[in-house]
Amino acid sequence: MAKKPFHLAWFLSQGYGPKSWLSDWPGSDLARWMMPDLFIDLAKGLDRCCFDYMIIEDSSMVPYTYKGSHDTYLKYAASTPKLDPAVLVSWLAQHTRHLGLVPTLSVTEYPPYLLARLVNSLDHVTEGRVGWNCVTGSNDGAAQNYGRDRHLPHDERYDLADEFADVVTRLWEAWEPDAVVLDRETPMFADGAKVHPIHHEGKYFKVRGPLNAPRGPQGRVPIVQAGGSPRGQQFASRWADTIITDGGNSIASMKAYRETVRKKAIENGRDPDRIKVLFLAYPIVDSTMEAARERRRLEERAGSEKYLERELSTMSRLTGIDFSRFPLDEPLPELTTNGHQSSLARWIGKTPRELVKTMSSKDGIDFTGTPDHVAGLMQEIMEEVGGDGFLLFNAHFDRRYVMEVCDGLVPELQRRGLTRKAWAHQHFADNLMEF
Ligand SMILES: Cc1cc2nc3c(=O)[nH]c(=O)nc-3n(C[C@H](O)[C@H](O)[C@H](O)COP(=O)(O)O)c2cc1C
């Protein structure tokens with residue numbers, strides 16, 4: 001095998017919120033979920049075994065789509081509460097050395113100048129390790145917290161995102177790399193000739209610029225993107241440095257997705273090798289196949305029985321459709337959404353109960369087994385798909401899980417020469433583009 005390594009990233013799903021509080025894991029300190037201890041332990045583990053980045057999911061509302069009430073969401077801590085991911089990034093940066101740190105920040109919640117400023121500040125204090133998960137929002141509950149009754153139509157949100165990303169990236173580069181002179185004698189802190197207003201006037205935004213701080217270590221920070229709809233893919237192929245996707249439920253669909261993205265990148269005049277497509281995977285590893293399978297069985301049973309409502313409420317939040325309306329054992333009819341279109345498209349024709357069973361795992365490909373087995377499976381998939389790596393997640397992880405991944409699965413990937421064992425660069429962007 002040609003040993004081109006692949007990338008690993010971690011998806012902190014359900015964001016900076018309570019994690020394994022429903023499991024009876026001894027030692028989980030429920031009342032302190034908002035303190036960053038568990039997240040720091042996770043980030044240190046990922047840093048130790050050379051993950052490219054950790055992305056912190058976010059949404060900013062208490063949803064009320066399911067049954068028209070926020071009760072289910074609050075009862076299960078489903079999609080809420082969440083603290084601000086940018087705050088967590090500053091903490092994690094102090095406890096890690098190379099890991100890329102990627103907060104989710106929505107173009108329908110921030111004005112572009114404020115977002116450019118925040119991310120630029122984080123790029124400075126992380127010494128070049130921040131990224132931006134650029135999302136467009138989906139649930140009208142969030143739109144209602146930011147001055148609108150509902151979100152703009154789905155595709156128009158991506159039009160707005162195009163203009164937004166253009167403004168933000170120009171603000172990041174408004175100070176030339178050598179604009180800061182630091183000459184005490186003259187005196188000249190920064191050279192005015194090398195700091196440029198952007199004078200942007202577009203359909204959605206009006207921004208003079210320049211940013212009120214020098215270019216960050218990375219200048220333009222890596223952009224992460226997840227939109228899976230045709231319009232979302234078009235946006236991603238223009239702006240993203242790395243795309244996160246569940247890629248469908250088969251190796252063939254993963255391969256097709258990656259090839260589509262690469263083709264679109266070429267149409268946009270970009271080098272397709274500079275967009276790293278990472279596929280969601282939720283591995284369960286244990287010392288024997290039986291032990292791992294038993295854990296997966298328990299997990300799926302909890303999903304389909306104990307936490308049925310929690311999962312249905314999440315599906316409702318993502319699409320704005322109240323899934324309490326549908327019988328549990330009848331296939332879903334044709335539905336449309338102004339929210340997550342690519343997710344909904346995959347749910348049609350399946351029953352709510354079937355969907356809930358696999359909500360927290362990945363239907364189709366089963367990453368369950370010993371570290372050797374799961375590493376072998378990942379190897380086969382990457383050989384078939386062609387690259388670029390995996391985005392691991394577990395919505396309810398605890399410290400034991402972090403160890404199983406960072407000290408079990410990843411060392412086996414490294415032993416096979418599949419993922420990196422050391423860092424070549426200081427900046428997130430350079431490590432991402434290394435292979
Ligand atoms: C792995 C993954 C992570 C995502 N994280 C977020 C997030 O943190 N916040 C958010 O608002 N949307 C998130 N999304 C949603 C996407 O940004 C996008 O809105 C969604 O996939 C719908 O896009 P589409 O209609 O183009 O398919 C995520 C999607 C995926 C697949």
Side-chain angles (χ1 to χ4, degrees), residues 9-17 53-61 63 65 79-80 82-86 88-89 102-110 115 131-143 145-146 151-162 164-165 223-240 242-249 253-254 257 260-261 264 276-282 314-315 317-321 335-348 359-363 389-395:
W10 179 275
F11 179 48
L12 188 63
S13 63
Q14 301 276 335
Y16 182 8
Y53 63 94
M54 169 173 169
I55 168 172
I56 306 161
E57 187 262 13
D58 195 36
S59 58
S60 70
M61 76 270 173
T65 313
S79 312
T80 197
K82 285 175 192 168
L83 301 188
D84 192 315
L88 187 58
V89 166
V102 184
T104 296
L105 306 164
S106 175
V107 300
T108 51
E109 293 168 10
Y110 275 86
L115 187 142
W132 169 32
N133 181 28
C134 170
V135 299
T136 61
S138 51
N139 190 292
D140 286 339
N145 290 333
Y146 295 90
H151 274 300
L152 292 173
H154 178 276
D155 285 10
E156 192 183 349
R157 292 204 299 278
Y158 282 111
D159 296 342
L160 178 142
D162 270 327
F164 195 111
I223 295 179
V224 183
Q225 224 285 319
S229 63
R231 183 65 183 88
Q233 285 184 36
Q234 197 186 324
F235 176 84
S237 60
R238 179 171 173 200
W239 293 105
T242 168
I243 293 177
I244 52 174
T245 175
D246 86 345
N249 57 7
S253 65
M254 290 162 78
Y257 183 88
T260 305
V261 165
K264 286 194 171 151
K276 310 298 177 188
V277 181
L278 305 195
F279 297 95
L280 272 174
Y282 169 24
T314 299
M315 290 163 59
R317 173 187 60 100
L318 295 174
T319 55
I321 297 167
L335 295 163
T336 54
T337 178
N338 196 33
H340 288 213
Q341 293 190 347
S342 47
S343 305
L344 183 68
R346 280 193 303 280
W347 299 343
I348 304 303
M359 264 303 267
S360 60
S361 57
K362 176 164 164 46
D363 49 344
F390 290 99
L391 178 72
L392 272 49
F393 80 108
N394 170 359

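All ligand and atom numbering here is 1-based and tracks the order in the structure.
- Against a heavy-atom cut-off of under 4.0 Å, G339 is close to the following atoms of ligand 1: 25 (O).
- Judged as a side-chain hydrogen bond (donor to acceptor under 3.5 Å, both in side chains), and not counting sequence neighbours, S342 has no contacts.
- At a heavy-atom cutoff of 4.0 Å, ligand 1 is contacted by the backbone of D58 but not by its side chain.
- Counting heavy atoms under 4.0 Å from ligand 1, residue F11 touches it through the side chain alone.
- Among protein heavy atoms, the minimum distance from atom 11 (O) of ligand 1 is reached at V135 CG2, 3.6 Å.
- In the vicinity of I244, heavy-atom distances shorter than 4.0 Å reach the ligand 1 atoms 1 (C), 2 (C), 3 (C).
- Ranking the protein heavy atoms by distance from atom 25 (O) of ligand 1 puts H154 NE2, 2.5 Å first.
- Neither side chain, S59 nor N139, offers a donor N or O lying under 3.5 Å from an acceptor on the other.
- From the protein, the heavy atom lying nearest to atom 14 (N) of ligand 1 is H340 CE1, 3.9 Å.
- Residues S229 and Y158 bring no donor and acceptor atom of their side chains to less than 3.5 Å of each other.
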Working for side chain to side chain donor-acceptor pair (under 3.5 Å), residues T260 and Q233: CA-CA 9 Å; T260 305; Q233 285 184 36; 4.9 Å; no
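- In this structure, the side chain of N394 does not engage the main chain of Y282 through any donor-acceptor pair within 3.5 Å.
- Considering backbone and side-chain atoms together, G228 places an N or O closer than 3.5 Å to an N or O of ligand 1.
- Distances between N or O atoms of Q341 and those of ligand 1 include at least one value under 3.5 Å.
- At least one heavy atom of Y158 sits less than 4.0 Å from an atom of ligand 1.
- Partners of H151 according to the ring-ring contact (aromatic ring centres under 6.0 Å, His included) rule, which considers only residues two or more places apart in sequence or in another chain, do not exist here.
- For atom 26 (O) of ligand 1, the closest non-hydrogen atom on the protein side is S229 OG, 2.5 Å.
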I56 and V89: side chain to side chain contact (heavy atoms under 4.5 Å, CB included), yes or no, with the steps? CA-CA 9 Å; I56 306 161; V89 166; 3.8 Å; yes
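- Checking S342, A226, G247 against atom 30 (C) of ligand 1, the nearest heavy atom belongs to A226.
- Of the possible polar contacts, one joining the T108 side chain to the T136 backbone as a donor-acceptor pair under 3.5 Å is found.
- Minimum heavy-atom separation, E109 to A142: OE2-CB, 3.8 Å.
- Using a 4.0 Å cutoff on heavy atoms, D246 does not count as a contact of ligand 1.
- With ligand atoms numbered from 1 in the order given, ligand 1 contributes 7 (C), 8 (O), 9 (N) to contacts under 4.0 Å with heavy atoms of T104.
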